[in-house]
Amino acid sequence: MKILVAVKQVAALDEDFAIRDDGRDVDSDFFIRDLNEWDDFSLEEAVKIRESSAEPVEVVVVSVGPDEADESLRKCLAKGADRAIRVWDTCIEYSDSIAIARVLAAVAKREAPNMLFAGVQSSDQSFASTGIAAAALLGWPHAAVVSNLTCTPGANLAVFRRELEGGLLHEVEIQCPAVLTIQLGINTPRYASLRSIKQAAAKPIEVLSLSDLALGAADVGEAGSSSRVRRMYVPDKARAQLIEGDAAQQAARLAQIIHAFKGAAS
Amino acid sequence: MARDPKHDILFQPIKIGPKTLRNRFYQVPHCIGAGSDKPGFQAAHRSLKAEGGWAGINTEYCSIHPEADDTHRLSARIWDAGDVRNLRAMTDHIHHYGSLAGVELWYGGSHAPCMESRATPRGPSQYASEFETLTYCKEMDLDDIATVQQYYVDAALRSRDAGFDIVYVYGAHSYLPLQFLSPYYNKRKDKYGGSLENRARFWLETLEKVRRAVGQDCAIATRFAVDTLYGDTGVEVENDGMKFIALADPLVDLWDVDVGDIAEWGEDAGPSRFYQQGHQVPWTRFVKQVAKKPVLGVGRFTDPEKMTEIVTKGIADIIGAARPSISDPWLPKKIEEGRYDDIRVCIGCNVCISRWEIGGPPMICTQNATAGEEYRRGWHPEKFPKRGTEDSILVVGAGPAGSECARVLLERGYTVHLYDTAAKVGGHLNSVVTLPGLGEWGYHRDYRELQINKLVKKNKQSQVALGQKPMTAETALTYGAEKIVIATGSSWNTDGTNCLSHDPIPGADASKADQLTPEQVLEGKKAIGKRVVILNADTYFMAPSLAEKLAVAGHDVTVVTGVHLANYMHFTLEYPNMMRRMHELHIKEIHNAFSSRIETGRLEVYDIFGDGSKRTYRGRGQLPREANKSQRWVEFDSLVLVTGRHSNNSLYTELKARQGEWQKNGVKDVYLIGDAEAPRLIADATFTGHRLAREIEEAKAQLPLPYKREVAVWGTAHMPGGNFELEYKT
Ligand code: SF4
């Protein structure tokens, strides 16, 4: 059995940051990068399946991203992934989640796993669509926001639960291969020991280009995307002020502000 | 990140007499245990604050003459040219960073026992110190008054020569000028006693004389307790307090105001257990109604919002701080740079103060392990040497010692894994902070937690693994760390082992339903009955804190104590209000008594001094005194055993036992720090973690490196050009 786990190196903002010159994203100098929080859980779920299985299970992590993403892939290797694949080509930049899903679907075709796990969403973009889009492109059954999973390797069926409104639980059976997006809290992700971190540092990471996946420049980047970021900005902060003084003074000040706001002479 | 513009006001310069403070952050005089005898310590500790942005930095109280000799406590002294030379190191180093140096000229009256000088202190009237034991002063006649005022003038001139910019006439904390002002001390009938004008005369004349001597070159400050908190038997702010300020205002360039006296100076240096930030404001807010000169106020200000409010609301012009400047010498700089969450907030435990109260060993701080170590160990609070090796380090235990060790190792660039069974950084502090009044102690944990999380983001190989299974020796050995630090803390004894018998107490067993350890009380899982007895052999806060907690919850609490209950709280200035609290809550104390055995529902109690007073040799196997027959039974529904602690060091001992396997597992060394090595103050546990992190490259890093000592050197006289030889007057 093979489980492919799609992971993302997300960007968190540093205390101070600036918007890029083109106004469409934060200047990447201000990013602190780390593995997406949800992906810790989907990786742990895959590793747990391997550990509890009698038959061999291979856990392969894949990420679409530049060199820096190796750091997150190594973290996954330290926490128990067997292999890591990174796909990159400069034309992948500016891809939306559908274009990224296209790349992941191509990797899934090449690897032919029994299941593809993805986090419910990424903490930086929060579209919650990459995993589901990959399922659509692959034509596989899928389920989103999985909070409990039972899967016997070799059975070709997985049973999972989802939490619904009003405290209801939804228990569903799904035919493999399938795509599941995994929710936070489904398990307790493990920490890597220093030994496994050191071992992961020495493991190879397979790097694939678009041509390795039979994709072209038109499939990714802005060309292959269905949406486009227009601008990213910090909204004006609402302003608040404390009006001090006795009731009469406060009323007078309030009237003054309202006049000024309406543009009337006070 | 830039600072919030609303804090700009804290960075406006302000003129004080002939000098200008570059901003509104001011380290008021406070003791550190350096004085004039440890000039390196003095210079380093104070100038680090100048580097950290404090605009004015003072000595501790500085004696003007051998008649003000506070031995056994440690003051600075400016008695002679030898002291001038030594204090010059401090002023030079402060000036290097563009700050002003101040000296707090002090004369103690009978509060100075003169145990070194054997001089006779003088005072406004003859009285026995309520603070010292067995110390009376001589009532001053008019010649004495002129003489002592000249001491101030001469000391002021020496201060100027030593490079001080601000010269104080120190009248807070019940020292001489206030003794004249307060009818509590001053019973005179002449022109120095009686009416306010008369009682103020000594202080005003002294200010005038000092001003005449050095006022051209130095700013003249006075520290004044505007309310001694005794009502009209002392100084009341809305009465003599404000009147005195009006009288003295033309003679000072800076008012440094506080409240309280010396015997209970915890009302000024308020511990967080009883007082919050800004607790003196209800008294000191009156000062600016009268004073035309800049005013500085204290009150453990650590929060820039509160500081800004103090200045903008006109309560004070300058933020005075002692403890916040010890806990974070770079507080102003961090505010200036907008690094608000990097501020190491003073927790208000008063452990710094405890050292002065104990008699002047070097100051320590619970939050800032580098306090007092600046000169002798060369530790800068904000700068760390880069790591010396590529070793990665496993720290087991995220309590005060482990988290500090991990923080400093991370600052140094090491790869660190911090590991704990608890879901939160902080170790035993996480439960200690739930005790009455100790919430602010949590800042110790918060600072480390936040810094470690920031640092771990920078070093991707590092991590904080919380909520883990207890670490076994096997896991630790094979973890892949070159160095392993064990910081597994300590626990309270479950069998009554104590500092009096050094043995368990028969029948003591916290696994029984009606006996509890402090941890079990704090955990809240075990039922506690109505009548609680706390059996105590610990000298710090645990027994009184638990007594308070349980009494508040409605239990009848009796403390049976074989040691001086809460003794260390005398030193942290928490004692008086702790005792008041125990009275309010009707907590009974059976003191000088301990337990010889425990049965279900009752313990046998004996008087410590219940055996015979005559000691005679009675032969082998015989006690030299008449046997203790004071035993009686005391009943309880629940018994809390606060008898002693022991280190949780089994992981360390197991790893030591497997030393033969270290090498093949790549383990170079294993260390033991904090309470796991020996139970101690949080400040000292924190220190051991910090110390190891700084010295971990050493071949035997478990043992501290020697530090640079500052002692009198044989062959060198204290007085420049003086004689050091043995000589007798014959
Ligand atoms: S010892 Fe305690 S009270 Fe003193 S400065 Fe440090 S944290 Fe504050």
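Just so we're on the same page: letters track the sequence lines, and every chain starts at 1.
Heavy-atom neighbours of A/D21 CG from other residues, nucleotides or ligands within 6.0 Å: at or below the threshold of 12. More than 12 heavy atoms of other residues, nucleotides or ligands shown are found within 6.0 angstrom of CD on A/E55. Under a cut-off of 6.0 angstrom, the local environment of CD in B/Q468 is crowded, with over 12 non-hydrogen atoms contributed by other residues, nucleotides or ligands. Other residues, nucleotides and ligands contribute at most 12 non-hydrogen atoms within 6.0 Å of the CD atom of B/Q276. Within a 6.0 Å sphere centred on NZ of B/K313, heavy atoms belonging to other residues, nucleotides or ligands number 12 at most. Within a 6.0 Å sphere centred on NZ of B/K458, heavy atoms belonging to other residues, nucleotides or ligands number 12 at most.
Residue B/T475: no heavy atom, backbone or side chain, is found under 4.5 Å from chain A. Contacts between B/Q461 and chain A at a heavy-atom distance below 4.5 Å involve backbone atoms as well as side-chain atoms.
Minimum interatomic distance between B/Y479 and A/A192 (heavy atoms only, all atoms of both residues): OH-O, 3.5 Å. Taking every heavy atom of both residues into account, B/L394 and A/L194 meet most closely at N-CD1, 4.4 Å.
In this structure, A/K198 contributes its side chain and B/G480 its backbone to a donor-acceptor pair below 3.5 Å.
Here the side chains of B/N665 and A/R195 are in contact, with some heavy-atom distance below 4.5 Å.
Salt-bridge annotation for A/E68 and B/K460: absent, with no side-chain N of the basic residue lying under 4.0 Å from a carboxylate O of the acidic one.
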